[in-house]
Amino acid sequence: MASSSVLTSQEEDFPRWYQDVVAKAELAEGGPVRGTMVIRPYGYSIWEQMQAEIDRRIKAAGVSNAYFPLFIPESYLRREAEHVEGFSPELAVVTHGGGKVLEEPVVVRPTSETIINASFAKWIQSYRDLPLLVNQWANVVRWELRPRLFLRTTEFLWQEGHTAHASEDDARAFALEVLESIYVRFMSEVLAIPVLAGRKTDRERFAGATTTWTTEGMMRDGKALQMGTSHELGQGFARAFGITYLDEGGLEQHVWQTSWGVSTRLMGALVMAHGDDAGLRLPPAIAPVQVVVLVVRSEDGAGDRAAALARELADAGMRVELDARTDTSFGRRVVGWELKGAPVRIEVGPRDLLKGEAQLVRRDLSTKEPVPLDQVAHSARQALDAAQSALYDEALARRQAATSEVTGVEPAIEAATSGFALLPAGLLRSGGETQLNEAGASVRCLVSADSTLPDPSTPPEDLTAVVARAY
RNA sequence: CGGGGAGUAGCGCAGUGGUAGCGCACCUGCUUUGGGAGCAGGAGGUCGCGGGUUCGAAUCCCGUCUCCCCGACCA
């Protein structure tokens with residue numbers, strides 16, 4: 001009867017709670033090789049929603065999808081010095097193929113800058129070929145010693161965009177457009193997670209980038225999660241791979257590039273930003289099942305009425321599932337849907353029909369209220385809209401309450417034990433960032449004084465450092 | 001790589017030399033179904049692997065493999 005023992009409570013042990021939810025909501029489980037992950041059908045359906053939303057936005061920005069090989073010649077990685085140095089500790093290298101030792105080992109892509117830029121070098125001849133805007137949806141492998149489902153796995157799924165531009169300004173503008181118009185908006189409007197958009201410090205910068213822009217979200221335990229990055233790559237890869245074009249004056253120029261990605265880590269963000277002790281709380285915009293119509297008991301026409309309601313809701317454009325199982329108790333089915341985070345539940349039983357109503361339950365608030373049968377579609381739509389903004393508002397209020405302004409490294413470390421610390425970056429001086437790292441915290445990003453995206457030209461020491469513990 | 005643990009049913013665990021067990025999950029039947037139902041019956045294990053000691057090993061000894069936790073990098 002008690003539903004309290006379904007999950008470890010967040011307060012008791014947040015990491016354990018996370019593991020419990022991922023397992024019991026049937027999102028994912030570990031694969032046979034350490035660090036690998038089986039994404040289960042329900043988890044994958046959420047990822048598919050994310051993909052659809054992100055893909056639509058990427059295409060709206062003028063980017064085309066393509067696909068590049070999983071295997072990359074090892075020599076490609078070596079062409080950009082900082083890039084190979086950054087990735088070599090986590091590379092999976094294939095040394096045998098077809099029963100023979102390979103003449104040149106191939107690496108399983110940890111990211112695709114090198115192999116994509118080899119193509120770009122062939123495709124780009126003239127300024128008329130620019131900008132070149134390409135994205136791919138793919139799996140990548142980065143060998144992980146301490147894996148956690150969705151957050152850090154050896155193999156993960158992502159989208160990686162790669163672009164080439166005629167000027168540094170064009171490249172920078174595009175990197176920032178992706179960050180703000182695609183990532184920040186997707187995360188806040190669809191995932192209902194408020195994020196801080198800022199610049200990475202040199203220490204946290206992507207291997208091979210000149211500037212890394214990031215979006216950082218706060219999880220319910222006060223820790224930060226990097227949710228997406230957009231890099232300015234400068235001309236490093238262009239020089240390494242000979243990506244040149246003739247400008248309007250007939251002069252040979254190297255292109256300026258960007259790359260940017262979000263991964264299945266977003267699944268972890270979704271779980272940890274909204275979930276509570278009863279399970280997931282999915283924002284309606286991303287929920288595979290927005291409304292579940294639950295038949296309490298099928299007697300006295302309740303089953304038929306529920307099925308009709310489900311059709312009505314689907315016709316009204318909602319993603320609906322009818323749960324008419326009679327071989328499982330009501331309580332078990334309720335707990336199951338709470339674990340899976342369905343935003344709205346419509347309960348229909350004989351007792352309700354006698355009163356001409358159904359029960360509408362909002363997952364985000366745990367409120368249950370009767371709704372006249374002929375108004376269910378209208379009420380469900382309203383509840384979905386309300387839940388979407390309520391989840392965002394709650395997450396934002398939580399972050400604001402757990403963010404404090406500090407004026408020194410020590411107070412920043414203290415504040416980071418429970419949330420974000422805003423520290424004038426000039427106060428970090430030489431050893432500040434190291435001191436933070438030794439204490440288990442880090443500079444998640446640099447933002448302007450009002451916590452908005454900083455102007456690219458502002459020197460780091462004039463910005464505000466967001467300090468937190470991070471996943 | 002340094003330190004600390006663990007390998008027994010799908011999952012979680014108990015079992016210090018004498019017939020392989022418990023909870024959950026699973027199967028069958030009946031009663032149930034308005035917040036993880038009850039009863040009865042049932043299926044499921046080369047006890048990580050190899051060797052040794054012993055009348056007899058999940059248990060003791062030797063070896064070996066794997067996994068997990070804590071310390072440096074990463075979407």
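The chains referred to below are lettered A, B, ... by the order of the sequence lines, with proteins before strands, and numbering in each begins at 1.
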Is the shortest distance from a Lys or Arg side-chain nitrogen in A:Glu232 or A:Arg205 to a carboxylate oxygen in the other one below 4.0 Å? no
Decide, yes or no, whether a salt bridge links A:Arg325 with A:Asp323 under the criterion of side-chain N to carboxylate O below 4.0 Å. yes
Under the side chain to side chain donor-acceptor pair (under 3.5 Å) test, residues paired with [X] that sit two or more places apart:
{"X": "A:Glu189", "value": "A:Arg185"}
{"X": "A:Tyr183", "value": "A:Gln159"}
{"X": "A:Asp55", "value": "A:Lys59, A:Asn65, A:Trp137"}
{"X": "A:Asn139", "value": "A:Arg109, A:Glu155"}

Going by the rule ring pair (Phe, Tyr, Trp, His ring centres under 6.0 Å), which residues pair with A:Phe420 if we only count those two or more places apart in sequence or in a different chain? none
Taking any strand in view, what nucleotide pairs with [N] in a Watson-Crick or G-U wobble way, both distances under 3.5 Å?
{"N": "B:U19", "value": "none"}
{"N": "B:A6", "value": "B:U66"}
{"N": "B:A37", "value": "B:U31"}
{"N": "B:U54", "value": "none"}
{"N": "B:C1", "value": "B:G71"}
{"N": "B:C26", "value": "B:G42"}

Going by heavy atoms closer than 4.0 Å, what residues in residues 365-374 of chain A are next to RNA chain B? A:Lys368
For RNA chain B, determine which residues of residues 192-226 of chain A have any heavy atom closer than 4.0 angstrom to one of its atoms, and list them numerically. A:Arg203, A:Gln226
Please work out if [X] contacts a base, only the sugar-phosphate, or nothing of the nucleic acid, heavy-atom cut-off 4.0 Å.
{"X": "A:Gly261", "answer": "nothing"}
{"X": "A:Glu144", "answer": "base"}
{"X": "A:Thr111", "answer": "nothing"}
{"X": "A:Pro110", "answer": "nothing"}

Taking only the side-chain nitrogens and oxygens of A:Ser329, find out if one of them lies under 4.0 Å from OP1 or OP2 of B:A37. yes
Ring-face cation of A:Arg79 near A:Tyr76 (centre distance under 6.0 Å, axis angle within 45°): yes
Would you give a per-nucleotide map of nucleotides 3-8 of chain B, 5' to 3', where B means the base has a protein non-hydrogen atom under 4.0 Å away, S means only the sugar-phosphate does, and - means neither? ------
Going by atom type alone, with no hydrogens or angles, which donor-acceptor pairs under 3.5 Å involve a side-chain atom of residues 342-352 of chain A and a protein atom two or more places apart or on another chain?
unit_1	atom_1	unit_2	atom_2	d
A:Arg345	NE	A:Glu347	OE2	3.0
A:Arg345	NH2	A:Glu347	OE2	3.1
A:Glu347	OE1	A:Lys368	NZ	3.0
A:Asp352	OD1	A:Gln359	NE2	3.0
A:Asp352	OD2	A:Gly349	N	3.0

When the nearest nucleotide of RNA chain B is assigned to A:Arg34 and to A:Met227 on a heavy-atom basis, which residue is associated with the more 5' position? A:Arg34
Tell me the ring-ring contact (aromatic ring centres under 6.0 Å, His included) pairs involving residues 204-227 of chain A, sequence neighbours left out? A:His83-A:Phe206, A:Phe87-A:Phe206, A:Phe206-A:His231
Anything under 3.5 Å between a donor and an acceptor, one on a side chain of residues 300-308 of chain A, the other on a protein residue two or more places apart or in another chain? List them.
none

Let me have the donor-acceptor pairs involving side chains of residues 291-299 of chain A, under 3.5 Å, with sequence neighbours excluded, atom names and distances please.
unit_1	atom_1	unit_2	atom_2	d
A:Arg297	NE	A:Glu299	OE1	2.8
A:Arg297	NH2	A:Glu299	OE1	3.3

Kindly say whether, by distance alone, the side chain of A:Arg146 makes a donor-acceptor pair under 3.5 Å with the base of B:G71? no
Would A:Phe330 count as stacked on B:G35 if the rule is ring centres under 5.5 Å and plane angle under 30°? no
